[in-house]
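Here's the structure we're looking at; comments come further down.
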Amino acid sequence: MNTFLSYLTVLAVAALVLAPSLYGVLRDRRIDRQLRAVETRLVWLPRQKAGGMPPTIRRSRARHTGMHWGPVAH
């Protein structure tokens, strides 16, 4: 019985020591996933998460749509 309590104590202390680092790793992975979604312009709306709908592609404003920067010197 004493050996079992010793193992249980060691496991409890190890869990207390490792818990903050595991939480940080999971948080970093979530943030990385969100940054990748922003880079690919995929935006998940709350209704889409719940309903299983595909993500909406977020389009930026008129980029490269006939914008002229003036005469080009050759």
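FYI, the numbering just counts along the sequence from 1.
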- Item | L35: hydrophobic cluster co-members (side-chain, 4.5 Å) |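 Taking Ile, Leu, Val, Met, Phe, Trp and Tyr as members, L35 shares its hydrophobic cluster with I31.
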
- Message: Checking one residue: M1. Which other hydrophobic residues are in its cluster under the side-chain 4.5 Å linking rule?
- Response: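 Result for M1 is none, singleton.
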
Just list the side-chain donor-acceptor pairs under 3.5 Å for residues 12-27, sequence neighbours left out, or say none.
unit_1: S21; atom_1: OG; unit_2: L18; atom_2: O; d: 2.8

